[in-house]
Amino acid sequence: MIKGVGAVCVLLGCLLPVCQRLRLERDHIAQLGALAQALEGMRRQLTICAPPMEELLAQAGRSPEGAAGRFFAALRLEELEQRPFAALWEGAIDASGLSLSREERETLSQVGQVLGACGAEEQCERLADAAEALRRCQTGRREALGREGRLWYTLAASAGLLAVLILF
């Protein structure tokens with residue numbers, strides 16, 4: 001009986017880190033979707049009524065809790081007179097705790113370079129491009145998770161079973 005409980009504990013000990021890692025990856029995928037949705041919403045608002053930048057960012061920040069909400073909440077627009085908007089945008093990327101790959105970060109950073117600095121058409125184009133790039137990253141990560149998730153579970157279960165065989 002005790003050996004059986006120990007074997008189950010060893011097996012679960014091998015599977016738990018894999019479960020945590022895959023959960024983090026699913027959270028990252030959801031984060032990319034939320035950011036892409038927020039950027040697309042900004043593009044639509046800019047196309048329809050061209051609100052002032054503060055209002056546009058406030059509307060984007062009303063997204064549900066999560067990555068997009070944290071990002072827009074981290075923008076310090078009250079510092080706009082002391083620092084350029086692109087620097088505030090970069091600071092928000094850092095302060096929000098987004099877990100972005102280099103490509104995803106560069107995509108989001110490029111949006112900050114044009115918002116408020118170019119015409120509405122170019123801003124809309126950049127927002128659409130960034131949203132599409134983030135959705136492509138999201139799709140790629142989702143497909144990789146499907147393929148690699150099964151592999152990681154199999155490897156962890158095999159390692160657990162091997163450890164059980166060696167220990168017991």
Side-chain angles (χ1 to χ4, degrees), residues 17-156:
V18 171
C19 292
Q20 290 175 333
R21 174 66 181 107
L22 294 177
R23 182 188 55 80
L24 288 174
E25 187 62 23
R26 282 190 290 275
D27 290 348
H28 186 87
I29 290 167
Q31 170 183 288
L32 290 175
L35 286 170
Q37 183 177 358
L39 294 178
E40 183 59 30
M42 288 175 67
R43 185 199 61 77
R44 279 193 307 273
Q45 286 296 320
L46 203 57
T47 302
I48 294 169
C49 59
M53 189 56 61
E54 292 84 13
E55 186 179 325
L56 181 67
L57 294 170
Q59 288 174 358
R62 289 189 200 119
S63 61
E65 291 181 19
R70 284 193 317 270
F71 172 70
F72 288 105
L75 275 170
R76 303 282 181 231
L77 294 178
E78 63 275 3
E79 298 176 12
L80 197 52
E81 293 178 7
Q82 294 89 16
R83 297 175 58 201
F85 181 77
L88 295 176
W89 187 268
E90 285 293 322
I93 293 172
D94 294 334
S96 63
L98 297 172
S99 59
L100 300 173
S101 70
R102 194 175 82 229
E103 176 190 358
E104 296 159 356
R105 183 181 175 87
E106 287 174 9
T107 298
L108 198 55
S109 292
Q110 290 172 358
V111 172
Q113 300 294 322
V114 297
L115 282 181
C118 301
E121 188 174 314
E122 187 174 342
Q123 291 178 60
C124 288
E125 185 177 312
R126 179 64 67 182
L127 285 165
D129 291 346
E132 179 59 32
L134 290 175
R135 290 208 191 282
R136 278 194 310 271
C137 291
Q138 180 188 30
T139 301
R141 283 182 172 270
R142 188 178 294 125
E143 290 171 357
L145 179 65
R147 287 187 313 268
E148 296 170 5
R150 289 185 297 275
L151 174 66
W152 284 105
Y153 277 126
T154 302
L155 289 174

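What you see is a predicted model; the values in this text were computed from it and never measured. Along the sequence shown, residues are numbered consecutively beginning with 1.
Residue-environment remark: CD (Gln110) exceeds the threshold of 12 foreign heavy atoms within 6.0 Å. Within 6.0 Å of the CD atom in Glu132, the count of heavy atoms belonging to other residues, nucleotides or ligands exceeds 12. Summarising the local packing, CD of Gln20 is surrounded by more than 12 heavy atoms from other residues, nucleotides or ligands at distances under 6.0 Å.
To the nearest 0.5 Å, atom CZ of residue Phe71 and atom CD1 of residue Ile93 are 5.0 Å apart. Interatomic distance, OG1 of Thr107 versus CG of Leu100, reported as 9.0 Å (0.5 Å rounding). Interatomic distance, CD of Glu40 versus CG of Leu35, reported as 13.5 Å (0.5 Å rounding). Rounded to the nearest 0.5 Å, atoms CD (Glu122) and CG (Asp129) are 10.0 Å apart. One distance of note links CG of Leu88 with CZ of Arg83; it measures 5.0 Å at 0.5 Å rounding. Note: Glu121 CD to Leu46 CG = 11.0 Å, rounded to the nearest 0.5 Å.
The pair Asp94-Arg105 meets the salt-bridge criterion, since a charged nitrogen lies less than 4.0 angstrom from a carboxylate oxygen.
Here the closest non-hydrogen pair linking Leu108 and Trp89 is O-NE1, 2.7 Å. In terms of heavy-atom proximity, Phe85 sits nearest to Gly112 at CD2-O, 3.7 Å. Between Ala128 and Arg43, the closest heavy-atom pair is CB-CD, 3.5 Å.
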Output side-chain donor-acceptor pairs under 3.5 Å for residues 137-144, partner residues at least two apart or in another chain, one line each.
{"from": "Gln138", "atom 1": "NE2", "to": "Ile29", "atom 2": "O", "distance (Å)": "3.1"}
{"from": "Thr139", "atom 1": "OG1", "to": "Arg135", "atom 2": "O", "distance (Å)": "3.0"}
{"from": "Arg141", "atom 1": "NE", "to": "His28", "atom 2": "NE2", "distance (Å)": "3.2"}
{"from": "Arg141", "atom 1": "NE", "to": "Glu104", "atom 2": "OE2", "distance (Å)": "3.1"}
{"from": "Arg141", "atom 1": "NH1", "to": "Glu25", "atom 2": "OE1", "distance (Å)": "3.1"}
{"from": "Arg141", "atom 1": "NH1", "to": "Glu25", "atom 2": "OE2", "distance (Å)": "2.7"}

- Task: Using the salt bridge (charged side-chain N to carboxylate O under 4.0 Å, His left out) rule, take Arg102 and Glu106 through it: C-alpha gap first, then chi angles, then the decisive distance, then the call.
- Result: CA-CA 6 Å; Arg102 194 175 82 229; Glu106 287 174 9; 3.6 Å; yes
